[in-house]
Novice: 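The following block contains the structure, expressed as structure tokens.
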Number of protein chains: 2
Amino acid sequence: MKPIKKIRLSDSVINAIKKKVAENNFKPGDKFYSENELSKLLEVSRSSIREAIRILEATGYVTVRQGKGIFIADFDSQKFEPFVNWLKSNEQHILDHFEVRLIIEPKAAALAAEKADAEDIRKMEEALAQFDLFAERKDNTEIIKWDRKFHRWLAGSTKNSTLHVLMKSVTTSLPDGWISSLHTPGRIEKTTHEHRVILEAIKNRDKNSAEKAMARHLENALSDIRSHMGTLS
Amino acid sequence: MKPIKKIRLSDSVINAIKKKVAENNFKPGDKFYSENELSKLLEVSRSSIREAIRILEATGYVTVRQGKGIFIADFDSQKFEPFVNWLKSNEQHILDHFEVRLIIEPKAAALAAEKADAEDIRKMEEALAQFDLFAERKDNTEIIKWDRKFHRWLAGSTKNSTLHVLMKSVTTSLPDGWISSLHTPGRIEKTTHEHRVILEAIKNRDKNSAEKAMARHLENALSDIRSHMGTLS
DNA sequence: CGAAAACACTTGTCTGACAAGTAGACAAGT
DNA sequence: ACTTGTCTACTTGTCAGACAAGTGTTTTCG
């Protein structure tokens, strides 16, 4: 009959804001226009702007902090911040950390086997090559760096951004126990081989093998860490 | 030491309004206080009242019609209008989110079955009871809150602090008021039952059943969301 | 009696003002 | 050189008051 419906100004403002975000290429985490700027830009009062912002905030589109401004919401990395802080200040819970990785990473490897593209595989190959290079030179700092990159790129190739951010969080803090485990005889060589097996399974799109290879890799690392910790206590 | 968080007045107003609704036994469809009445009752300016109302409207708690007033939402309108838009614009994030939870939570449930003590089980029982209570009252915000608590306490009862903190981050990674699954028709009733199955498995120390029950729970939620999304494309 | 006008009440929008939190510049003091 | 405090400018948070625009009831008048 009559498709006319009265539109509230704040609703129009919402659409205008989303349009601005798309046009000007605002990304998650970016600072957005201030309320006064928006008021001038869209030629509506600050009240209506604020009501629109409240709605966008309630639906998780933006976050607002007094004195600072309006920010495009960052779905993942912002929310995992407390988790990262906790990891850093609780490195003694290394066994707990590993238990969590044992839950997540094998499944991540399976997903990677499903979805990794040529570029992902190229990056993982590079990480492995660098790892081997510095393994020969016994440069532990670089070794750890490229080990981390391998695990992160694997997570990235799942094409699941939440999982990627999560894995980045888990791998940011590599406790002493992890580092010292590299000193156990043969661990580096074993890691080289285990990584290779994982990547080959991914390249073959073999989900099951990838999952199992990753599980084995972590279990082996864990048991080396355990025995290494045992020698200290 | 830490919980110094600045509370916005409109957020307090939201709680006050919900309290009034419960105390004075407002039912769906009822006309609520007018903005001016609320302003006098709660002793805050009309601006703050309006911002609170916008949020309650966006989360489907009330509907507002110019010239007539504010009405407690009836649940048909509560489910569809605002929610589907949000679903559409965040589809990928939601799918990613559930994929991650499907990796973590079944294993967490299995661990919980192994290690939960009497106190853990008491807490989870309480969460289920509160969930049911607010399910009857159709208070989505409270329902979501207790759903979250159930999942968190389950994670806590694994006695793995890393896993616990991780689950806290994951369950907050969706904005307040939008745990998507619960807005799909019939999901709340199904959730009540599925939670019960999970908890019973944990009480029986049945790892396998707990793991499978949790996986089923998440899969059902996800598939309800999927079919709900399908209805609008 | 019946229709139009007046009125009361609602939400919608605008304006201007001040409080409160934040960040950067800059100068004073050690 | 470095900390410390102040000042300033900009941000969001809150308030008060006004008028516009829908809606429903009551009154008035033809």
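Numbered from 1 within each chain, the chains take letters A, B, ... in sequence-line order. Worth saying up front: this structure is predicted, and the values here are computed from it rather than measured.
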Novice: Quick check: do B:I198 and B:M124 have side-chain heavy atoms less than 4.5 Å from each other?
Specialist: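 No - every pair of side-chain heavy atoms lies 4.5 Å or more apart.
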
Novice: Taking the minimum atom-to-atom distance to the side chain of B:V44, which one of D:dC15, C:dG12, C:dT10 wins?
Specialist: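 Shortest atom-to-atom distance from the side chain points to D:dC15.
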
Novice: Does the side chain of A:I14 come within less than 4.5 Å of A:Y61's, by heavy atoms?
Specialist: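 Of all side-chain heavy-atom pairs linking A:I14 with A:Y61, none is under 4.5 Å.
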
Novice: Give a yes/no on whether any side-chain N or O of A:K68 is located under 4.0 angstrom from OP1 or OP2 of C:dG21.
Specialist: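 A:K68 to C:dG21 OP1/OP2: no side-chain N or O under 4.0 Å.
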
Novice: Taking OP1 and OP2 of D:dG13, is either one under 4.0 Å from a side-chain nitrogen or oxygen of B:S10?
Specialist: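 Checking B:S10 against D:dG13: no side-chain N or O falls below 4.0 Å of OP1 or OP2.
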
Novice: By the 4.0 Å heavy-atom rule, please label A:R50 as base, sugar-phosphate, or nothing.
Specialist: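 Touches a base.
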
Novice: What contact category does B:I70 fall into here, base, sugar-phosphate, or nothing, at under 4.0 angstrom with non-hydrogen atoms?
Specialist: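 It contacts sugar-phosphate atoms only.
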
Novice: Within the 4.0 Å heavy-atom criterion, would you say A:S47 contacts the bases, only the backbone, or no part of the nucleic acid?
Specialist: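 Base, at least one base atom sits under 4.0 Å.
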
Novice: A:E37 side chain: which of C:dT13, C:dT11, D:dT11 is closest?
Specialist: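 It is D:dT11.
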
Novice: Can you tell me if the side-chain N/O atoms of B:S48 get under 4.0 Å from OP1 or OP2 in D:dC15?
Specialist: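 Indeed, a polar side-chain atom of B:S48 lies that close.
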
Novice: Let's test your reading of the model: under 3.5 Å, does the base of D:dG17 pair with the side chain of B:R46 as donor and acceptor?
Specialist: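 Donor-acceptor pair under 3.5 Å: no.
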
Novice: For B:K123, is there an ion pair with B:E126 - N to carboxylate O distance below 4.0 angstrom?
Specialist: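 Here B:E126 does not pair with B:K123 in a salt bridge, since their nearest N and O are not under 4.0 Å apart.
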
